[in-house]
Structure formats: C-alpha cells, structure tokens
2 protein chains.
Amino acid sequence: MARKTGSRSETTGPRVREAALRLFARHGYAAVSMRQIAAEVGVQAGALYLYTPDKQSLLYELMHAHMEELLSAWAGVPKGTDPRARLDAFARFHIRFHLDRPEAVFIAYMELRNLEPGNFAAIEALRHRYEDELEAILRAGQEDGSFAVPDTRLATMALIAMLTGVTNWYREGGRLGRAEVEQIYRDMALKAVGANTA
Amino acid sequence: MARKTGSRSETTGPRVREAALRLFARHGYAAVSMRQIAAEVGVQAGALYLYTPDKQSLLYELMHAHMEELLSAWAGVPKGTDPRARLDAFARFHIRFHLDRPEAVFIAYMELRNLEPGNFAAIEALRHRYEDELEAILRAGQEDGSFAVPDTRLATMALIAMLTGVTNWYREGGRLGRAEVEQIYRDMALKAVGANTA
DNA sequence: GTCTATAATATGATAGAC
DNA sequence: GTCTATCATATTATAGAC
C-alpha cells in the first residue's frame with residue numbers, strides 16, 4: 001500500500017497518548033496545553049485532532065484505559081482461596097502494578113476532578129469495582145476468622161491508600177529494591193488487618 | 001476612625017484566601033482563574049491584587065500556612081515517652097487534623113507540582129520535618145522493641161499515606177463517626193508496625 | 001496526514017477613575 | 001479600597017491548502 005511521506009498514522013495516535021500521559025502527570029491536565037502535547041509528539045497542534053475529538057477525551061481515554069488494565073490484570077492473577085493468600089496476592093499485585101506505571105497512577109488519582117460529570121461517573125464505577133475486589137477478600141477473612149477488622153470498607157480504603165502511597169516516594173535505583181518494598185508493604189498490610197504474617 | 005463605604009480591608013484579605021482555598025481544592029490551581037476567585041469573594045478581579053502580588057503567591061501562602069499550622073499543632077500535642085503512646089497520639093492527631101481541614105490537605109498534596117521551584121523546596125522542607133516526627137517515633141519503638149519495622153522510613157511513608165487517605169472517603173454525617181474512624185485507623189497503624197493494640 | 005492560519009474566547013496583571 | 005477598561009498573551013478548536 002502506497003503511503004505519503006510524513007504519514008505515520010499507525011504510530012502517531014499512541015505517541016499522542018504517551019505524550020499526554022507524561023505531560024498530564026508532570027504538570028497536571030489543566031496546566032498542559034494542546035500545543036505542548038503537539039510539540040512533544042513533534043506535530044502541530046491541529047494535527048492532534050485527528051486522534052482525539054478534544055482534550056477532555058484524551059484525559060478520559062487515558063484514565064479509562066488505565067482502570068480497565070488494572071481490573072483485567074488483577075483478574076488474571078492466580079489467587080488461592082484462603083483469605084490470607086488472597087490478601088498477599090492483592091498487596092503484591094497492587095504494589096507491582098502501581099510501581100510499573102507511576103504516571104498513569106498519578107493521573108488516575110489526581111485528575112478525577114477534571115473529568116466531566118459523565119466521564120467521572122464512568123471512572124468512579126471502575127475504581128469502585130477494584131475496591132470491591134479487596135473488600136471481598138477482607139470480608140471473607142473476617143467471616144472465617146483470618147482477619148480482625150471492625151469495618152471492611154474502612155479497612156479497604158486504608159489498605160489501598162497505604163499501598164498506593166508507594167508511588168509517592170519510591171524511586172528506581174534508590175535505597176530499597178522493588179522486591180524488598182513489595183515484601184514490607186505486604187507484611188504491613190497483613191498485620192494491619194490482624195493476620196499472622198507467617 | 002472614618003472609613004469609606006464599601007471598604008472592608010480587614011475582612012477581604014482573609015476572604016480572598018478562603019475563596020482561593022475552596023476553589024483550588026475543588027477545581028485545581030491551574031483550572032481556577034483570578035476572575036473566579038474574585039467572583040466568589042464578590043469583588044472585581046483587579047481588586048485581588050491588593051491582597052496578593054500574584055496567583056502563585058496565593059497558592060504558596062495557603063500551603064505554607066497549612067504546613068506551619070500542622071507542625072505547630074503537633075508540637076502542642078501532649079505525648080508520653082513510650083513509643084506506643086506516642087504513635088497513638090500521632091495517629092489520632094493526624095486523623096483529627098486532616099479531617100478538620102480537608103480542603104487545605106487536598107491542596108497540600110495535589111498542588112505541589114504547581115509551585116515554582118523555590119516555593120516547592122520550602123514546602124517540601126516543612127513536609128519533611130513532619131515526616132521526621134513520625135519516623136523518630138518509629139525508630140524509638142524499633143530500638144526499645146515496642147515495634148517491629150524492617151525500615152523506619154518506609155513505614156513512615158506507609159503510615160502517613162494510610163492515615164491521610166481518610167480524607168479521600170470520609171464524609172460528615174456518613175455511616176461512621178469521627179471517633180470510630182479515629183479509633184480504627186489508630187488500631188490499624190499500631191498493628192501495622194507490630195505493636196500490641198492494648 | 002500534516003501544515004498554516006485563524007476564529008472565538010479566556011487568561012494574569014496593570015492603569016487610572018472614583 | 002474597589003471598579004472599569006485594557007494590554008499582551010495564551011487557549012481550544014476548526015478550515016482549507018498541500
């Protein structure tokens with residue numbers, strides 16, 4: 001198939017999203033202009049509109065893709081039936097997944113308020129589904145005596161906040177390695193809900 | 001003292017800061033215009049510049065005042081010498097302080113990237129001082145055997161993230177009261193570092 | 001598929017009247 | 001102390017040339 005010079009339709013779309021991800025994470029959605037994104041990609045501002053109807057859709061698509069990926073990645077994790085084993089799997093998965101994509105995580109947590117109402121509701125629903133995965137584990141452990149949590153919803157929010165917080169300080173090549181960090185957070189999570197850390 | 005009609009110099013300054021706090025928290029610094037702040041206060045945009053040299057200073061002053069208040073409030077909390085008692089005091093203080101001013105907390109954590117370099121460094125230094133307060137408690141407990149934490153710095157970041165996260169979901173008049181929430185978070189914090197929750 | 005040019009609007013900040 | 005008017009600039013998004 002013949003193709004014009006300068007034509008890169010198969011790569012420019014993804015590159016627009018990558019540039020937007022990087023810039024939104026660094027400076028915030030509202031502070032980034034379409035011109036900055038275009039400059040990062042190496043095209044003129046007008047060309048971006050071949051790949052997104054508008055700036056808001058760009059943000060929504062990034063957040064939506066991130067949340068869908070989070071849910072499907074967790075769905076693919078092998079987990080036992082014992083609540084302790086399932087919490088162990090969740091904590092390790094959460095830390096790994098979040099350390100692997102700090103920019104998308106940052107956007108997913110910081111730019112919710114810049115979503116238009118319909119888009120906000122859609123992202124919130126996905127986030128809620130993820131939180132429910134952890135809450136189900138805590139409830140199962142509460143029922144069979146593996147855990148001691150006075151309120152499973154509160155414990156869910158507390159654990160997710162603690163685990164997600166790793167992205168606030170962890171830096172590649174720092175004092176602690178990923179495996180160490182994962183292990184320590186996992187231990188704290190299990191202890192926090194009253195499980196033995198054996 | 002005679003005063004012109006419409007003149008409210010003693011109240012307008014604080015009202016500008018309150019409006020900025022509310023709007024920055026809700027929509028984000030970059031997304032809020034000086035005209036919006038002025039409208040919230042009930043003045044015209046030009047009048048704001050009697051109370052702040054520019055928009056950036058407004059953000060910095062809000063964050064700086066918040067961090068100074070956090071540090072001085074913690075300094076005023078009576079704390080025992082036992083690490084367990086001190087962690088109990090810290091957890092309860094942190095939850096209370098943060099639940100009392102969700103907007104300032106939100107800004108302090110979300111708008112760091114919108115600070116100019118010099119302002120950023122100043123706020124980071126204050127935040128670091130606060131983190132060090134908790135880390136000192138954990139280290140003391142680690143040394144006297146009250147706690148079991150493989151890395152005090154990591155545990156510090158994990159606990160602060162967990163406790164601060166309360167502002168993400170807690171709503172006044174919701175299912176759980178403040179005292180309950182405070183107690184449950186305090187218990188999880190102590191358990192997470194291996195202390196008895198007695 | 002990308003560019004240049006531009007429309008329509010919003011922005012932060014200032015000057016000068018009252 | 002506040003308002004109106006304005007400057008200089010930046011913004012999102014679109015139209016039409018190539």
Side-chain angles (χ1 to χ4, degrees), chain A residues 1-21 23-24 26-63 111 113-119, chain B residues 1-24 26-63 107 111 113-119:
Chain A
M1 294 188 199
R3 185 167 291 281
K4 282 188 209 156
T5 315
S7 206
R8 294 182 288 188
S9 65
E10 284 123 20
T11 63
T12 305
R15 289 177 61 228
V16 167
R17 284 186 286 278
E18 282 158 26
L21 185 77
L23 290 170
F24 288 167
R26 187 130 55 207
H27 307 292
Y29 172 75
V32 172
S33 71
M34 294 299 268
R35 279 171 181 77
Q36 279 176 271
I37 298 170
E40 186 94 348
V41 174
V43 297
Q44 292 299 315
L48 295 180
Y49 292 88
L50 293 168
Y51 304 99
T52 181
D54 53 28
K55 192 185 172 189
Q56 168 73 201
S57 301
L58 202 43
L59 176 62
Y60 175 69
E61 277 159 30
L62 290 174
M63 294 180 71
E111 302 296 356
R113 63 187 169 182
N114 285 310
L115 289 173
E116 286 164 7
N119 291 340
Chain B
M1 296 186 201
R3 183 167 292 280
K4 282 189 209 153
T5 315
S7 206
R8 295 181 287 187
S9 65
E10 284 124 20
T11 63
T12 306
R15 289 176 62 227
V16 167
R17 284 187 286 278
E18 282 157 27
L21 185 79
R22 188 163 44 246
L23 290 170
F24 289 166
R26 187 131 54 208
H27 307 293
Y29 172 76
V32 171
S33 71
M34 294 299 269
R35 281 170 178 77
Q36 279 176 271
I37 298 171
E40 186 94 348
V41 174
V43 298
Q44 292 299 313
L48 295 180
Y49 292 87
L50 293 168
Y51 305 100
T52 181
D54 52 29
K55 192 185 173 190
Q56 169 71 203
S57 301
L58 202 44
L59 176 62
Y60 175 69
E61 278 159 29
L62 291 174
M63 294 179 71
I107 291 173
E111 303 295 357
R113 63 186 169 184
N114 285 311
L115 289 173
E116 286 164 8
N119 291 341

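In this text, all values refer to a predicted model and were calculated from it rather than measured experimentally. Chain letters run A, B, ... following the sequence lines, proteins first and then strands; every chain starts at 1.
Note that the CD atom of B:Glu111 and the CG atom of B:Leu62 stand 10.0 Å from one another [nearest 0.5 Å].
Taking atom CG on B:Leu48 and atom P on C:dT14, their separation rounds to 12 Å, with Å as the unit. Taking atom NZ of A:Lys55 as the reference point, atom P of D:dA13 lies 8 Å away to the nearest angstrom. Taking atom OH on A:Tyr49 and atom P on D:dT11, their separation rounds to 11 Å, with Å as the unit. As rounded to whole Å, 12 Å separates atom P of C:dT14 from atom CG of B:Leu50. Between B:Arg35 atom CZ and D:dT11 atom P there is a gap of 16 Å when expressed in whole angstrom units. Here the P atom of nucleotide C:dG12 and the CG atom of B:Asn114 are 12 Å apart, to the nearest Å. Note: CD1 (A:Ile37) to C1' (D:dA10) measures 15 Å, nearest angstrom. Taking atom CE of residue A:Met34 and atom P of nucleotide C:dA7, one finds them 20 Å apart after rounding to whole Å.
Between D:dT2, C:dG12, D:dA13, one nucleotide has an atom nearer to the side chain of B:Tyr51 than all others, and that is D:dT2. Comparing C:dT4, D:dC3, D:dT2 by their nearest atom to the side chain of A:Gln44 picks out C:dT4. For B:Val43, counting side-chain heavy atoms from C-beta on, the closest listed nucleotide (C:dT11, D:dA13, D:dC3) is D:dC3. Out of C:dC3, D:dA13, C:dT11, the shortest distance to the side chain of A:Asp54 is found at D:dA13. The side chain of B:Ala47 has D:dT2 as its nearest neighbour among C:dG12, C:dC3, D:dT2.
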* Residue pair B:Ile37, B:Phe24: steps toward the side-chain contact (heavy atoms from CB on, under 4.5 Å) verdict -> CA-CA 9 Å; B:Ile37 298 171; B:Phe24 289 166; 4.0 Å; yes
* Quick one: do B:Tyr60 and B:Glu116 satisfy side-chain contact (heavy atoms from CB on, under 4.5 Å)? Show the steps, please. => CA-CA 9 Å; B:Tyr60 175 69; B:Glu116 286 164 8; over 6 Å; no
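For the side chain to side chain contact (heavy atoms under 4.5 Å, CB included) with B:Leu59, the qualifying choice from B:Leu115, B:Leu21, B:Asn119 is B:Leu115, the only one to do so.
The phosphate of D:dG1 has neither OP1 nor OP2 within less than 4.0 Å of any side-chain N or O from B:Thr12. A sub-4.0 Å separation between OP1 or OP2 of C:dT11 and a side-chain N or O of B:Ser33 is present.
In terms of heavy atoms, A:Lys55 sits closest to A:Ala30 at NZ-O, 4.0 Å.
Taking for each of A:Ala31 and A:Gly46 the nucleotide of DNA chain D with the nearest heavy atom, the 5'-most of the two is the partner of A:Ala31.
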